[in-house]
Engineer: 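Got a structure for you, questions after.
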Amino acid sequence: MAVANPTPPIGKSLARVDGRFKVTGAATYAAEFQRSQLTYGVLIQSSIANGRVVKIDISAAKSAPGVIEILTRENTPGFKPYPDDLTKKGAPGENRMPLQDDEIHYAGQHLGVVVAETFEQATYAVSLVRVTYQAQPPIVDLPDQRAAKTATTPEKFIGREDLQVKRGDVDGALAGAAHKIDTTYSTPIENHNPIETYSTTAEWETADRLLVHECTRGIKQLQRLLAACFGLPVENIRIICPFIGGAFGSKGFQWSQTLLAAAAARLVERPVKLTFTRPQMFDSAGQRARTEQHFTVGADNDGKLVALRHATTTHSSPVSEYTEPCGNMSRMLYSCSNVDVTHRLVKLNLTSPCPMRAPGECPGVFALECAMDEIAHETGIDPVEFRLRNYADRDEHQNKPWSMKNLRECYERGADKFGWSKRNPKPASMRGPDGSQIGYGMATAIYPAAQQKAGATATLNKDGSVIVRSATHEIGTGTYTAMSQLAADTLGVPVEKIRFELGDSAFPVAPNNGGSWLTASVGPAVIGACGELKKKALDQFGHWPDERELSSLSAPIQSEFTAEPNKDEREKFSFFSYGAVFVEVHVDVFGQTRVRRATAVYDVGRMINPKLARSQIMGGLLFAISTALFEATIPDQATGRVVNANLAEYHVAVHADAPPKFDIDFIDKPDPHMPDLGARGIGEIGITGAPAAVANAIFHATGKRVRDLPITPDKLI
């Protein structure tokens, strides 16, 4: 008989199915896998940022205790090129193969690997390596005139989104605008600092079969990359990654340490483990680029936008053309007939940039939402009311209707929950009992709702358990739990009967974990595979079988399914998620800012698991507070080396910096054009808009408009 499921798991705040593994230490992360005869690799890195290597003297290092072998350009295997589609114009990661020439493009560039019996022995041996350079002065700052000579105007973001967009007559509209602002906002270089640093353990099981334990959110991509670079069939490469200790945009691209670890393992004919130190997270594998964003905005006397110009200047490295797409949301977040969005890219001798949580949207919406606050102040209109007057009822960039948009309700519910009506609109007018200046600020949040191709298999075992598999990832967002819920809901069985497995390149295809598309992509594949499994079971038994009936099976029942985005829907509609963020800040006499309250309401489609969703948004908001008030990577102007490459001097928000309570709410209406789920992505929208809400609140508290992040006390005194 059929197994009834009286409490469908979709929409329930179930605890993480992998939670116990994580808190007890049973979850195995990349650096924790042990292999027989394991050796340890440590990177040799450049100490200069621009020039070339003349000589690498490894004689002292090679005779150091425990050293097995040293990989440099002299004995590199000569990698084959990266796959073309991973290095197309603007793709994240680097287009230069490691150890293929003597050119130095940034400090920390990988020059080789020392392999020893222990990590400590390898680390000591690296200190004995002597590198002779022919150095050139590095270019490390956007205003540098030498950098300006390299400026380009990239056409596309990762080959997809237009970066140079214009509609209407911006100059003409500005000339007749009743109110105008003309100002520049800047954001610093920022670095990913997940708890887990990068780690690779590479083992050649045979001469042409490679096993890699890697913290990566691109299992299938890394498999294909290694196969191409070593000239092997894809099926000869296996990537294992069951857990990732955070990523925030890192761990997804073709940085060189994985290739080098695999090459070193082939050289020594033993497994090699290569794990980053914390400082190496700052110079070896990506960062968010610095941005300068010039806004010119005009409005009429009714507070209606008549013109918006958003000009971004950002940077890449000499071996990358990745561009931070700051202006993409300015094309369509508000209704405006005259819009000009441009992006300008210069080459600096800094680590190649890459996506960091909400790439483009985080710095870009910060600047846009501060500009909206400034023009609202110029017109004398309440910031919420100003946004409502400029509400976009359709995507004016793509000239499409939205798939679904409940942003008005986000504004209204958020303002009501926060108590926005109690705000005295005059800056520097509100004081706390302790004399601190109190400010209320708000901003809009927005993030694209994307979907990618994904596959899954489902297997019904003789004991009644169901194993569902997909080559997707768990970066802390709750993939194991959400996919288990979707499988249980589709089959009508308890969640306890489901075992969802991921993190293995041998499983069905899944996209990189990024762009907040994981649930919307893998979820339909899981639903499809479980739907097919249920049909097979019904065909065989006439109902969902019990364990007695299953015990008679000669083999488990299996099914598979591949889900793809609906092209017709994607062509007809514009897909985004939205939110409204309200914060209260207190600024003391020393310029120290504390966020005392945060209220945020989001329209992200259907809720799969409210507990997981709230966790994601809370993390995003804390990340946003960190972005607004603390985070900045500082390169030395003379050497190009990062001077605060540690968690003592690269400040991130901690528990003490969080408000006592995050008031987070969701509209929870299924998007009718998102297939199967009605759910849109949640992971990245939490950081968008919120830094601007903090900055706008600081202006309201103090009357001082700080346009350069982070807003540190020295900028307020």
Engineer: Hey, are Glu631 and Ser626 close enough side-chain-wise for a donor-acceptor pair under 3.5 Å?
Structural biologist: yes
Engineer: Side chains of Thr258 and Leu225, heavy atoms from C-beta outward: is any pair under 4.5 Å?
Structural biologist: no
Engineer: Between the side chains of Arg357 and Glu190, is the shortest nitrogen-to-carboxylate-oxygen separation below 4.0 Å, so that they form an ion pair?
Structural biologist: no
Engineer: Is the backbone of Ser250 close enough, under 3.5 Å, to the side chain of Arg217 for a donor and an acceptor to pair up by distance?
Structural biologist: yes
Engineer: Can you find a pair of side-chain heavy atoms, one from Phe33 and one from Lys273, that are under 4.5 Å apart?
Structural biologist: no
Engineer: Give me the ring orientation class for Tyr198 and Phe276: parallel if the planes are under 30° apart, tilted from 30 to 60°, perpendicular past 60°.
Structural biologist: tilted
Engineer: Taking the side chain as every heavy atom from C-beta outward, state whether Lys251 and Pro194 have any atom pair closer than 4.5 Å.
Structural biologist: yes
Engineer: Contact between Thr197 and Arg278 at the side-chain level, heavy atoms closer than 4.5 Å - yes or no?
Structural biologist: yes
Engineer: Just by distance, do the side chain of Thr187 and the backbone of Arg290 share a donor-acceptor pair under 3.5 Å?
Structural biologist: no
Engineer: Would you check if Val115 and Leu71 make a side-chain contact, meaning some heavy-atom pair closer than 4.5 Å?
Structural biologist: no
Engineer: Which one of Asn512, Asp85, Thr216 satisfies the side chain to side chain donor-acceptor pair (under 3.5 Å) criterion with Gln221?
Structural biologist: Asn512
Engineer: Using side chain to side chain donor-acceptor pair (under 3.5 Å) as the criterion, point out the one residue from Gln223, Glu205, Arg209 that pairs with Asn236.
Structural biologist: Arg209
Engineer: Is it the case that Ser284 and Gln257 place a side-chain donor and acceptor less than 3.5 Å from each other?
Structural biologist: no
Engineer: Before you tell me yes or no, could you show the steps for Ile219 and Glu214 under side chain to side chain contact (heavy atoms under 4.5 Å, CB included), namely the whole-Å CA-CA distance, both residues' side-chain angles and the distance that decides it to 0.1 Å?
Structural biologist: CA-CA 9 Å; Ile219 289 171; Glu214 171 96 6; over 6 Å; no
Engineer: Look up atom CD1 in Ile58 and atom CG in Asn75, then write down how far apart they are to the nearest 0.5 Å.
Structural biologist: 7.0 Å
Engineer: Using the six-membered ring wherever Trp is involved, compare the ring planes of His343 and His310 and label them parallel, tilted or perpendicular (cut-offs 30° and 60°).
Structural biologist: tilted
Engineer: Could you tell me if the side chain of Phe248 sits less than 4.5 Å from the side chain of Asn193, heavy atoms only?
Structural biologist: no
Engineer: Under 3.5 Å, side chain of Glu649 to main-chain N/O of Asn646, donor-acceptor pair present?
Structural biologist: no
Engineer: Does the Asn191 side chain pair with the main chain of Met281, one donor and one acceptor, at a distance under 3.5 Å?
Structural biologist: yes
Engineer: For Val114 and Leu128: C-alpha separation, side-chain torsions, deciding distance, then whether side chain to side chain contact (heavy atoms under 4.5 Å, CB included) applies.
Structural biologist: CA-CA 11 Å; Val114 172; Leu128 302 177; over 6 Å; no
Engineer: So, the side chain of Gln109 versus the backbone of His105: is there a donor-acceptor pair under 3.5 Å, distance only?
Structural biologist: yes
Engineer: For Arg270 and Glu69: C-alpha separation, side-chain torsions, deciding distance, then whether salt bridge (charged side-chain N to carboxylate O under 4.0 Å, His left out) applies.
Structural biologist: CA-CA 11 Å; Arg270 288 169 61 182; Glu69 187 57 270; over 6 Å; no
Engineer: Between atom CG of Asn50 and atom CG of Leu350, what is the distance when rounded to the nearest 0.5 Å?
Structural biologist: 10.5 Å
Engineer: Do Glu155 and Gln164 come close enough that some side-chain heavy atom pair is under 4.5 Å?
Structural biologist: yes
Engineer: Is it the case that the side chain of Tyr29 and the backbone of Glu196 share a donor-acceptor pair, with hydrogens and angles ignored and the cut-off at 3.5 Å?
Structural biologist: no
Engineer: Once rounded to the nearest 0.5 Å, what's the spacing between atom OG of Ser199 and atom CG of Leu274?
Structural biologist: 7.5 Å
Engineer: Is there side-chain contact between Pro363 and Arg288, with at least one heavy-atom pair below 4.5 Å?
Structural biologist: yes
Engineer: How many angstroms lie between atom CG of Asp144 and atom NZ of Lys149, to the nearest 0.5 angstrom?
Structural biologist: 9.5 Å
Engineer: Any chance the rings of Phe119 and Tyr40 have centres within less than 6.0 Å?
Structural biologist: no
Engineer: First locate atom CD1 of Ile687, then atom OG1 of Thr627, and finally report the distance between them rounded to the nearest 0.5 Å.
Structural biologist: 4.0 Å
